[in-house]
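A quick write-up on the structure given underneath.
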Amino acid sequence: MRESEIRNKCKEWDQEHLLQFYAELSENEQEELLSQIQETDFSILTSLGDETISQRGEIAPIDAVSLEEIQTKKEEFRELGLEEIRKGHVGAVLLAGGMGTRLGSSHPKGMFNIGETRTVYIFQRLIENMMEVVNEAEVFIPLFIMTSEKNHEETCSFFKEHDFFGYPEQKVYFFRQKMAPATDWDGKILLEKKNRLATSPNGNGGWFSSMADAGLLQELDRIGIEWLNVFAVDNVLQKIADPVFIGAVKKAGMVSGSKVVAKAEPTERVGVLCLEDGKPSIVEYYELSEEMTYALDKNGKLLYNYGVILNYLFRVDTLKDIMNQHLPVHVVKKKIPYIDKNGTCVSPEEPNGYKFEELVLDMIHMMDNCLAFEVERDREFAPVKNATGKDSVDSARELLKKNGIEI
Ligand code: UTP
């Protein structure tokens with residue numbers, strides 16, 4: 001019965017090839033394959049050839065609280081933010097479900113040792129960053145860590161082995177994000193093994209619904225968390241649950257905030273926070289016209305000046321309101337290991353198909369408002385994306401040292 005239902009599902013989506021090795025499999029393997037197909041949402045395949053993502057509304061610049069303004073109101077913002085933290089209203093969400101392919105390590109990115117003269121794992125660095133606020137507020141901030149099926153066990157074991165780097169274990173929650181199937185150029189889902197579809201984490205956009213699936217919304221309510229600060233695993237300089245940022249967003253009466261840095265040059269390849277049809281939105285650098293890219297305001301500053309650094313603050317009640325709205329699906333060309341029709345494993349050197357991702361930056365456009373909060377690039381932005389060159393281990397190490405952090 002079940003097998004025939006699944007055969008029908010495959011037929012309906014033109015994916016019958018997924019069962020091509022079925023007869024060769026053991027009973028257990030057959031069961032694994034059927035379960036995976038049953039659980040996989042094939043509707044994501046309809047995003048192939050969907051051009052709606054690139055159709056933008058009317059783009060306009062957004063006002064930001066600048067470094068100068070923050071400087072004059074810093075103490076007021078800090079007190080407000082610390083009050084929220086002390087009341088237990090703030091939680092932090094570490095997005096650590098990515099594959100970190102550019103870095104080229106086979107382990108979760110947070111396990112990478114960024115130290116030179118001592119061992120400093122990226123996860124450890126992030127906990128050290130959180131401890132600065134914890135010490136100031138004198139309360140621990142609940143930390144929610146998103147992993148994926150590919151790195152969950154390794155990430156959890158790593159934290160346990162290292163005693164959570166001194167953070168109390170009961171304040172740390174792990175949850176898994178969803179996976180999405182990967183396809184070839186014709187939209188056929190690839191097989192990773194004879195009994196396994198090729199899948200990859202479905203992007204960082206599904207973090208809140210994955211928290212919900214893991215039953216964590218009840219926990220947020222139980223603790224009384226009203227704000228969530230979402231951040232990437234790979235910015236080793238960032239401030240997490242920064243009270244000044246939280247205070248500024250609260251004071252502005254906004255439902256979300258984004259840390260931004262002034263662009264290093266007009267054409268810098270970053271997502272830019274702006275307004276789209278009057279609502280906050282993040283537009284990719286290539287989506288700005290040449291005129292917009294170079295346009296200046298009356299003070300001679302770039303009009304579209306503020307690049308995002310993947311550090312956002314959201315009100316939990318707003319996140320609940322938008323939870324059932326669909327985020328756009330980004331279809332990206334990637335190298336996807338697979339087995340061919342003879343069952344031979346192939347590791348392609350060039351992109352051979354599509355992966356499907358939802359992105360946290362698209363959540364910003366679902367917000368009624370978002371405070372653009374400027375931070376100093378050299379003090380808060382040291383992303384580890386590549387092994388060498390731009391945004392690399394080397395550049396992050398330099399920035400850490402520049403900020404007096406012993407590595
Ligand atoms: P990146 O866009 O840098 O992706 O993620 P990545 O997978 O880490 O690295 P590459 O592109 O393969 O080299 C930005 C942040 O979003 C998280 C990452 O862990 C990182 O903190 N992320 C990304 C997820 O949590 N899940 C995903 O599916 C993708």
Side-chain angles (χ1 to χ4, degrees), residues 41 44 47 92-112 114 121-123 125-127 129-130 143-152 154-156 158-159 173-182 198-211 213-214 216 228-238 240 258-259 269-271 282 284-285 307-312 327-337 351 353-364 381-393 395-396:
D41 179 8
I44 204 153
S47 321
V93 182
L94 165 56
L95 302 175
M99 300 287 282
T101 39
R102 282 170 286 171
L103 184 59
S105 159
S106 55
H107 301 291
K109 209 187 248 187
M111 286 172 60
F112 189 84
I114 191 82
Y121 301 110
I122 291 183
F123 283 138
R125 187 80 264 292
L126 297 176
I127 295 286
N129 286 355
M130 281 189 81
L143 172 62
F144 301 89
I145 302 179
M146 183 164 85
T147 60
S148 83
E149 185 189 290
K150 304 265 181 197
N151 67 15
H152 183 80
E154 211 178 349
T155 304
C156 297
F158 189 73
F159 268 91
Y173 303 78
F174 294 96
F175 64 101
R176 288 175 211 230
Q177 70 176 97
K178 293 194 195 97
M179 304 295 283
T199 58
S200 60
N202 69 342
N204 55 26
W207 64 276
F208 193 69
S209 57
S210 297
M211 280 182 86
D213 291 346
L216 287 171
L228 285 173
N229 178 210
V230 185
F231 61 98
V233 70
D234 46 29
N235 177 5
V236 290
L237 254 191
Q238 69 194 312
I240 300 158
S258 168
K259 287 203 166 184
R269 295 168 162 235
V270 284
I282 294 162
E284 290 298 342
Y285 64 96
V308 290
I309 60 169
L310 219 175
N311 190 313
Y312 304 107
L327 285 166
V329 176
H330 296 251
V331 181
V332 276
K333 294 178 182 165
K334 293 266 172 148
K335 291 183 259 184
I336 306 152
Y354 300 112
K355 286 188 177 178
F356 301 82
E357 294 184 340
E358 292 175 354
L359 302 178
V360 60
L361 56 82
D362 288 317
M363 282 175 117
I364 293 295
F381 191 44
V384 181
K385 298 285 183 196
N386 306 298
T388 53
K390 190 177 169 349
D391 297 342
S392 67
V393 176
S395 59

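Every number for a ligand or one of its atoms is a count from 1 in the order of the listing. Remember, predicted model here, so these are calculated numbers, not experimental data. Along the sequence shown, the residues carry numbers beginning at 1.
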Structural part of Glu357 in contact with ligand 1, heavy atom criterion under 4.0 angstrom: neither

Nitrogen or oxygen atoms of Leu95 and ligand 1 under 3.5 Å apart: yes

Donor + acceptor pair across side chains of His330, Asp362 (<3.5 Å): yes

Polar contact flag for Asn204 and ligand 1 (N/O pairs, less than 3.5 Å): yes

Inter-residue atom distance Ser258.OG - Leu361.CG, 0.5 Å rounding: 9.5 Å

Gly98 neighbourhood, listing ligand 1 atoms whose heavy-atom distance to it stays under 4.0 Å: 7 (O), 8 (O), 18 (C), 19 (O), 22 (N), 23 (C), 24 (C), 25 (O), 26 (N), 27 (C), 29 (C)

Centroid separation Tyr121 to Phe158 less than 6.0 Å: yes

Contacting atoms of ligand 1, where contact means under 4.0 angstrom from a heavy atom of Gly97: 19 (O), 24 (C), 25 (O), 26 (N)

Shortest non-hydrogen contact from Glu154 toward Pro108: OE1-CD, 3.2 Å

N/O separation below 3.5 Å, Ala232 to ligand 1: no

Under-4.0 Å heavy-atom contact with ligand 1, by part of Leu310 that carries it: side chain

Top protein contact for atom 28 (O) of ligand 1, by heavy-atom distance: Gly203 N, 2.9 Å

Atoms in ligand 1 with a heavy atom of Lys385 nearer than 4.0 Å: 1 (P), 3 (O), 14 (C)

Partners passing side-chain contact (heavy atoms from CB on, under 4.5 Å) against Asn202 (at least two apart in sequence or in another chain): Gln177, Lys178, Ala180

Side chain to side chain donor-acceptor pair (under 3.5 Å) assessment of Asn235 paired with Asn311: CA-CA 9 Å; Asn235 177 5; Asn311 190 313; over 6 Å; no

Pair Val384-Leu103, side-chain contact (heavy atoms from CB on, under 4.5 Å): steps then yes or no: CA-CA 8 Å; Val384 181; Leu103 184 59; 4.1 Å; yes

Atom 26 (N) of ligand 1: nearest protein contact (heavy atom, Å): Gln177 OE1, 2.7 Å

Closest protein heavy atom to atom 12 (O) of ligand 1, given as residue, atom name and distance to 0.1 Å: Thr101 OG1, 2.4 Å

Nearest atoms (heavy-atom pairs only) where Phe174 meets His152: CB-CE1, 3.9 Å

Met99 N/O to ligand 1 N/O under 3.5 Å: yes

Protein heavy atom at shortest distance from atom 4 (O) of ligand 1: Arg102 NH2, 4.2 Å

Selected option - heavy-atom contact closest to atom 6 (P) of ligand 1, from Gly110, Ser148, Gly100: Gly100

Test of ring centre spacing under 6.0 Å for Tyr312 and Phe231: no

Exceeds 12 heavy-atom contacts within 6.0 angstrom, atom NZ of Lys335: no

Ligand 1 atoms in contact with Met146 (distance to a heavy atom under 4.0 Å): 25 (O)

Contact partition for Ala96 relative to ligand 1, non-hydrogen atoms under 4.0 Å: backbone

